[in-house]
Protein chains: 2
Amino acid sequence: MAISCGLLAIFLYYRLSTVDNQLISFTEENYLKIIYLLTERHNGNEVSTNQLAEHTQTKAASVSDMLRKLAEKNYINYRKYQGVTLTEAGEQIALSVIRKHRLWEVFLVEKLGFGWDEIHDIAEQLEHIDSKELTKRLDDFLENPKFDPHGDPIPDAKGKMPSVSYQKLSEIPLNQSVVMMGVSVHSPAFLQHLDKQQITLGCDLKVLEISDFDKSYGLLLNNDIRLFVSNEVARNLLVQVQNS
Amino acid sequence: MAISCGLLAIFLYYRLSTVDNQLISFTEENYLKIIYLLTERHNGNEVSTNQLAEHTQTKAASVSDMLRKLAEKNYINYRKYQGVTLTEAGEQIALSVIRKHRLWEVFLVEKLGFGWDEIHDIAEQLEHIDSKELTKRLDDFLENPKFDPHGDPIPDAKGKMPSVSYQKLSEIPLNQSVVMMGVSVHSPAFLQHLDKQQITLGCDLKVLEISDFDKSYGLLLNNDIRLFVSNEVARNLLVQVQNS
DNA sequence: ATATATTTTTAGACTAATCTAAAATTTTGT
DNA sequence: ACAAAATTTTAGATTAGTCTAAAAATATAT
């Protein structure tokens, strides 16, 4: 019986974001989020048009257009042909979207029982839901998690990202005990591959050897099980030395 | 670190709906939902262009355009100048959106502790999240509720709406004990007004008198408290005679 | 060091959804 | 029953976000 639905018309393109009350579309939020994540991955270096085209699944021409627009709105620092970084305003929006994405992922796994390989596409939708109060209550309902089901840190309500110091398993010396803390690839195929070998967040790992034959990693899992994983897998497992 | 975000670009305008795998936009979903609710309110009679313009908060000209489009896609029966009704296909989409809307409303109230006056706008956003699996798991998580926090029935996964037989309190004879089952207006102002008088879903009501002076209703609440509510309130309270 | 290859931007076009203004149709009131 | 009023549709324009093709800028390789 509830009818009052009008807002959604406007909402489709633009809505008054709860971040600083700026008008911002889903699409713009997405670009800012992707710029944030790629910048982080490149240690703060500028992100290129082609990289953005790849990750937004659009063409470079479309990206150029959008960058001009985001620069006009002062969400990004844009030097033509040189790539972009986020401004403070752009970063706050990106962090707000990432916060919502990761909180919803926790919800999907912890409350609804989804696997960590099933949640990405749903969280991609939920991350754009615009309600500060909802985000706050969801955060409390989930008991203020600091990490999502992939081990990624969740920014707080003020946009502060917990600092983490993960290393790739491939960079850990032989026989060093480490704890599995995250993954740097989120593809369902990769995550399911880990599931099959019972490699989960929080498990103990030790590299016993690197095979001369195929550079695969011989591991000891939870001080118990011996297994081999490919170099590719070892490079995408994020770990931390115990008690540090 | 999760980057794979591309789908959203396409998703913005169109996505493959889980209902029969048809391409459908947020906007189209909204029109279908509103047509369903208005048709229901008018006991199955056709809905007019102007009514739709009012409820979508657009102009009649925009509605005409959209109706042409929805008719082309066989979601509605459209006779120019005569109004519209939903086809079976259109009704299934509308029911799917309404199901999600009402399930999310239950979530917001039961799990996150929102008041029934605070949830409409958030549910308007959440109703468009597209994942059959999510809806199914949410439904189970909420223990398969049959009614939302306003007393509106929740269609099942197959699009079957529970039938309800509510009457307006204003149509109930004097001294007939009834149970409060729903509201026919969802405005925060109305819902907060009820809160202040402790009129909640499930409470017992009996009309003791209708004032000659201002046509207000003298009620007995929970066989205990006497209070007066306006005619306007009485017309928007949906009740049911006990044990029927 | 400069020609070639790659990347990025610009120009021009398209679609979805909206708008205003004007034309067409239906309804209403006497 | 028919003129006036109200409603609905059509015509033409606008904006966001995308595209392709071509031009401009930068990077690379001998």
Side-chain angles (χ1 to χ4, degrees), chain A residues 5-17 22-35 38 42 45-73 75-85 128, chain B residues 5-17 22-35 38 42 45-73 75-85 128:
Chain A
C5 306
L7 279 183
L8 258 276
I10 301 152
F11 181 82
L12 225 188
Y13 286 131
Y14 276 121
R15 68 225 130 80
L16 213 49
S17 160
Q22 289 151 116
L23 284 171
I24 184 150
S25 68
F26 281 21
T27 309
E28 290 171 326
E29 283 192 348
N30 256 306
Y31 272 90
L32 295 175
K33 176 189 68 175
I34 294 170
I35 294 168
L38 286 174
H42 302 351
N45 287 327
E46 285 172 324
V47 178
S48 75
T49 301
N50 263 355
Q51 284 169 346
L52 287 172
E54 184 186 325
H55 289 285
T56 54
Q57 302 210 340
T58 62
K59 297 303 162 74
S62 311
V63 172
S64 277
D65 251 22
M66 182 55 83
L67 294 182
R68 194 182 32 66
K69 193 168 121 190
L70 292 172
E72 248 166 42
K73 296 191 175 187
Y75 295 145
I76 60 173
N77 306 115
Y78 177 35
R79 296 185 303 135
K80 279 186 190 172
Y81 296 98
Q82 306 302 309
V84 296
T85 57
H128 300 289
Chain B
C5 305
L7 280 183
L8 258 275
I10 301 151
F11 181 81
L12 224 188
Y13 285 129
Y14 277 119
R15 67 228 131 79
L16 212 52
S17 160
Q22 289 151 118
L23 284 171
I24 184 149
S25 67
F26 281 22
T27 310
E28 290 169 327
E29 284 191 349
N30 256 308
Y31 272 90
L32 295 176
K33 176 189 69 177
I34 294 169
I35 293 167
L38 286 174
H42 302 349
N45 287 327
E46 286 174 323
V47 177
S48 75
T49 301
N50 263 357
Q51 284 169 348
L52 287 172
E54 185 186 324
H55 289 286
T56 53
Q57 303 211 337
T58 62
K59 298 302 162 77
S62 311
V63 173
S64 276
D65 251 21
M66 181 57 81
L67 293 182
R68 194 183 31 66
K69 194 167 120 190
L70 291 173
E72 249 167 42
K73 296 190 176 187
Y75 294 145
I76 60 173
N77 306 116
Y78 177 35
R79 296 185 303 137
K80 278 185 192 176
Y81 295 99
Q82 306 302 310
V84 297
T85 56
H128 300 291

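So you know, we letter chains A, B, ... as the sequences are listed, proteins then strands, and number each from 1.
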**Message:** Can you classify the ring geometry of B/Phe26 versus A/Phe26 as parallel (below 30°), tilted (30 to 60°) or perpendicular (above 60°)?
**Reply:**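 Perpendicular, since the angle between the ring planes exceeds 60°.
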Rounded distance in Å - [atom1] ([X]) to [atom2] ([N]):
X	N	atom1	atom2	result
A/Arg68	D/dT18	CZ	C1'	13 Å
A/Leu52	D/dT18	CG	P	12 Å
A/Arg79	C/dT9	CZ	C1'	16 Å
B/Glu28	C/dT15	CD	P	15 Å
B/Met66	D/dT9	CE	P	14 Å
A/Gln51	C/dT6	CD	C1'	14 Å
B/Leu67	D/dT7	CG	P	16 Å
B/Phe26	C/dA16	CZ	C1'	14 Å

**Message:** For A/Tyr75 versus A/Leu32, what's the shortest heavy-atom pair and its separation?
**Reply:**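 Nearest pair, atom of A/Tyr75 first, then A/Leu32: CB-CD2, 3.7 Å.
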**Request:** Looking only at non-hydrogen atoms, find the nearest pair between B/Gln82 and B/Glu46 and report the distance.
**Result:**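 In this case the closest contact between B/Gln82 and B/Glu46 is O-OE1, 2.9 Å.
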OP1 or OP2 of [N] less than 4.0 angstrom from a side-chain nitrogen or oxygen of [X], does that happen here?
X	N	value
B/Tyr78	D/dT9	yes
A/Asn50	C/dT8	yes
B/Ser48	D/dT8	yes

Side-chain contact test, heavy atoms from C-beta onward, threshold under 4.5 Å: evaluate it for [X] versus [Y] and give yes or no.
X	Y	value
A/Leu52	A/Leu67	yes
B/Arg68	B/Lys80	no
B/Thr56	B/Tyr31	yes

**Item:** By side chain to side chain donor-acceptor pair (under 3.5 Å) - contacts of B/Asn50 (at least two apart)
**Value:**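 Testing B/Asn50 for side chain to side chain donor-acceptor pair (under 3.5 Å), a comparison that skips the adjacent residues, returns none.
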**Asked** Heavy atoms under 4.0 Å, any strand shown: does B/Thr49 hit a base, just sugar-phosphate, or nothing?
**Response**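 Touches sugar-phosphate only.
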**Reading 5' to 3' through nucleotides 19-29 of chain D, protein heavy-atom contacts under 4.0 Å coded B for base, S for sugar-phosphate only, - for none** = BBB--BSS---
